[in-house]
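Everything below concerns the one structure shown next.
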Amino acid sequence: MEITSIGALADNAGSAVILKGWLTNKRVSKGLLFLVLRDGSGIVQCIVNQRDVSSDSWQAASQATQESALEVAGTVVVDARQTGGVELQAIHVSLIHLTRYYPITPKAHGIEFLMDRRHLWLRSRRQWAVMRVRNRVIMSIHEFFQERGFLQMDAPILTGNAVEGTSTLFEIDYFGQTAYLTQSGQLHGEAMAMAFGKIYTFGPTFRAEKSKTRRHLTEFWMVEPEMAFYDLDMNMELAEDFLIRLAADVVRDCRNELELLGRDIAALERVQKPFPRITYTEAVELLKSDRTMALLDARLKILLGERLSLERERADNKAAYGQAKEWKRRRMDARDIEINTRLDEIAEELRNIPAWRKSAREFEWGSDFGGSDETLLTWHFECPIIVHRYPAAVKAFYMERDPEDERLALGMDVLAHEGFGEIIGGGQRTDNLEFLEKQIAVHNLPREAFEWYLDLRRYGSVPHSGFGLGLERTVFWICGLDHVRESIPFPRMLGRIAP
RNA sequence: UCCUCGGUAGCUCAAUGGUAGAGCAUGCGGCUGUUAACCGCAGGGUUGUAGGUUCGAGUCCUACCCGGGGAGCCA
């Protein structure tokens, strides 16, 4: 018998195999045990029939608790009812390690409890699915750029100066000198693009901002392509092709994972060329428009309707509770918790809507979009959108100006649809030495620190562009998660540095 | 930093100012095809902390601590 992984079982129907893994759940009947085994590659149900196994095997299987480590030998049987389409008829079971009191039970847990046990939470099904999608996205990122002749190069993580001068960075002591953890590899990326044409960096980046939202981490992974001889239009084209590729690869290769996550796959299949491209000025008009207000009104109506029907259901349950049978009462109790949780969510959104409305209606040309503004913009479209040509004042100092309007910078953001918001930010960098020198002065940046960067405009300066894609936000969007913290194995965020 | 919601059994949550409960998990028992299986029994509590109001506080008031998600900022 060969040691096989659960993921490969479907190709081994009818043969006898050995599996090594952990017990994720167990169901017991007289003379019959159902062991749900996981090994990282998948999950399979193993049937242990007392009549078919030795008493040692039966005892091992009976004793096994959640997350005990097991070796199971058995025959692979096709059964359409099972996830993965197969189950294992056990011939032999042995206990490798008996677990006592595994803290994460097969019922609901709060986020603080789970985050404190992230090292164990990763074993859970949803996390398994998310991490597999993350892996697929990482592979696709490399494939996409490698196929197009990009060189993967690494920017330093320790830097002596802030890239854009505005963000709050993590400060460290570098042999008596102040240094920072990088917030972007872009400036070094530009240098490498001038050396190799098309490059991308892919590594961790750090932001010390005290953001406490579902879209923020203090440590996250970013892929940053940088291309010589690319203007803004070519840049947008690349970003579009890139996202289409990522979505398509995941839809093709991670269907099980997406289904397990309850992701609306059709929404990912709508990620197709061309993405709507609107200028910042058009976006502002759309945001302030009656059409946006109508979307908010519609949302309000849906929420109020849902609240009413949930409250009715809760009242009906309460009325029926007295006469209900024991098992039915339990079901009502469970449903009551669901209803209360959802009602809390609805209440929060209802509190937010007036603020969203005000922010959108009173938006002034010249400021940057807030989180709710981005969400509202994406509600108007069925796939990701590209917003370009922002006011220069809200964008970084190195952005090229729009030759047709000096107030505008040739920057672009890609906003994921369904309200997930910004996942790409980038633009065309200025190739003009005098302009860049002036910008450094205007932004009060230390000129000496940027001398090497100015060199890129002194020797063979060419139009060039690039963008940064946040890996966790991309996984967050593709998986349809509630929070980016689930899209990285060990999230670092405000108030969270362990495990 | 500000706004907002919350903190009750190991976990998830109930509890008009009036005897603190349920499910899950754990242990024991039952059931030969279960899908977060089901059924029976058992153990399990300083209601975040410190004050206050009250005959009486999980519930009301004040302060603080911790957490959730929003603002600002951003990928």
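Within every chain, numbering begins at 1; the chains are lettered A, B, ... in the order of the sequence lines, protein sequences first and strands thereafter.
The residue A/V28 sits close to a base: some heavy atom pair falls under 4.0 Å. Note on A/R496: nothing from the nucleic acid sits closer than 4.0 angstrom, heavy atoms only. As judged by a 4.0 angstrom heavy-atom cut-off over every strand, A/D413 is placed among residues making no nucleic acid contact. Nucleic acid contact class of A/S372 (heavy atoms, under 4.0 Å, all strands): sugar-phosphate only. Within 4.0 Å of A/Q82, counting heavy atoms only, lies at least one base atom of the nucleic acid. Counting non-hydrogen atoms under 4.0 angstrom, A/L469 reaches nothing in the nucleic acid. Heavy atoms of A/L217 sit under 4.0 angstrom from at least one base atom. As judged by a 4.0 angstrom heavy-atom cut-off over every strand, A/F220 is placed among the base-contacting residues. Note on A/F113: only backbone sugar-phosphate atoms sit closer than 4.0 angstrom, heavy atoms only; bases stay farther off.
Taking atom CG on A/D373 and atom C1' on B/G72, their separation rounds to 12 Å, with Å as the unit. Distance A/K210 NZ to B/C3 C1': 17 Å, rounded to the nearest Å. Rounded to whole angstrom, the span from the CG atom of A/L494 across to the P atom of B/G70 amounts to 14 Å. Put simply, CD on A/E112 is 11 Å from P on B/G69, counting in whole angstrom units. Rounded to an integer number of Å, the gap from A/L169 CG to B/A75 P is 12 Å. One atom, CD1 of A/I488, and another, C1' of B/A75, lie 12 Å apart when rounded to the nearest Å. Distance A/I353 CD1 to B/G70 P: 13 Å, rounded to the nearest Å. Remark: C1' of B/U34 and CG of A/L37 are 16 Å apart, rounded to the nearest angstrom.
Donor-acceptor pairing under 3.5 Å, judged by distance alone, is present between the side chain of A/R51 and the base of B/U32. On a pure distance criterion of 3.5 Å, no polar donor-acceptor pair joins the side chain of A/E87 and the base of B/U35. With hydrogens and angles ignored, no donor-acceptor pair closer than 3.5 Å exists between the side chain of A/S211 and the base of B/C74. Remark: the A/Q89 side chain and the B/G33 base include a donor-acceptor N/O pair separated by less than 3.5 Å. For B/U34, the base has a donor-acceptor partner in the side chain of A/Q45 [N/O atoms by modelled type, under 3.5 angstrom]. No hydrogens or angles were tested; on distance alone, a donor-acceptor pair under 3.5 Å links the side chain of A/R473 to the base of B/C74.
When the C1' atom is used for both B/G43 and B/C5, the distance is 35 Å, rounded to whole Å. Annotation: B/C39 and B/C3 have their C1' atoms spaced 49 Å apart (nearest Å). B/G10 and B/A57 are spaced 24 Å apart, taking the P atom of each and rounding to whole Å. Rounded to whole Å, the separation between the C1' atoms of B/U59 and B/G52 comes to 15 Å. Nucleotides B/U12 and B/U8, compared at atom C1', are 12 Å apart to the nearest Å. Using atom C1' as the reference point in both B/A25 and B/G44, the two lie 11 Å apart (nearest Å).
Judged by closest nucleotide on RNA chain B, A/T105 is the one of A/I423 and A/T105 placed further toward the 5' end. Along RNA chain B, the nucleotide closest to A/G31 and the one closest to A/R117 are compared, and the more 5′ of them pairs with A/R117.
The partner of B/C64, taking Watson-Crick or G-U wobble pairs whose two distances both stay under 3.5 Å, is B/G48. B/G40 is paired with B/C28 under the Watson-Crick or G-U wobble criterion, all donor-acceptor distances under 3.5 Å. B/G33 is unpaired under the criterion used here, namely a Watson-Crick or G-U wobble arrangement in which both key atom distances are under 3.5 Å. Across all strands shown, B/U8 forms no Watson-Crick or G-U wobble pair with both distances under 3.5 Å. Nucleotide B/C73 forms a pair with no other nucleotide shown, judged by Watson-Crick or G-U wobble geometry with both contacts under 3.5 Å. Summarising the base pairing, B/A15 is matched to no nucleotide, lacking a Watson-Crick or G-U wobble pair whose two defining distances lie under 3.5 Å.
The cationic atom of A/R492 (NZ for Lys, CZ for Arg) does not lie both less than 6.0 Å from the six-membered ring centre of A/F490 and within 45° of the ring axis. At least one cation-pi condition fails for A/R125 and A/W128: the charged atom is not both under 6.0 angstrom from the six-membered ring centre and inside a 45 degree cone around its axis.
Contact between A/Q63 and A/K26 at its shortest, heavy atoms only, is C-NZ, 4.2 Å.
At B/U35, none of the side-chain N or O atoms of A/R125 fall inside 4.0 Å of OP1 or OP2 (strictly under the cut-off). Distances shown here put every side-chain N or O of A/H216 at or beyond 4.0 Å from the OP1 or OP2 atom of B/A75. Phosphate proximity of B/C74 to A/R214: absent, as no side-chain N or O sits under 4.0 Å from OP1 or OP2. Between B/U34 and A/R27, no contact under 4.0 Å exists linking OP1 or OP2 to a side-chain N or O.
Taking the six-membered ring where tryptophan is involved, the planes of A/W477 and A/H417 are perpendicular, since the angle between them exceeds 60° and thus also 30°. Between A/F369 and A/Y280, the two ring planes are tilted [angle within 30° to 60°].
The one candidate from A/F202, A/F144, A/F145 that meets the ring pair (Phe, Tyr, Trp, His ring centres under 6.0 Å) condition with A/F150 is A/F145.
Residues A/T201 and A/D154 have side chains that never bring a donor and an acceptor to within less than 3.5 angstrom of each other.
Separation of atoms CG (A/L246) and CD1 (A/I478) is listed at 5.5 Å; rounding is to 0.5 Å.
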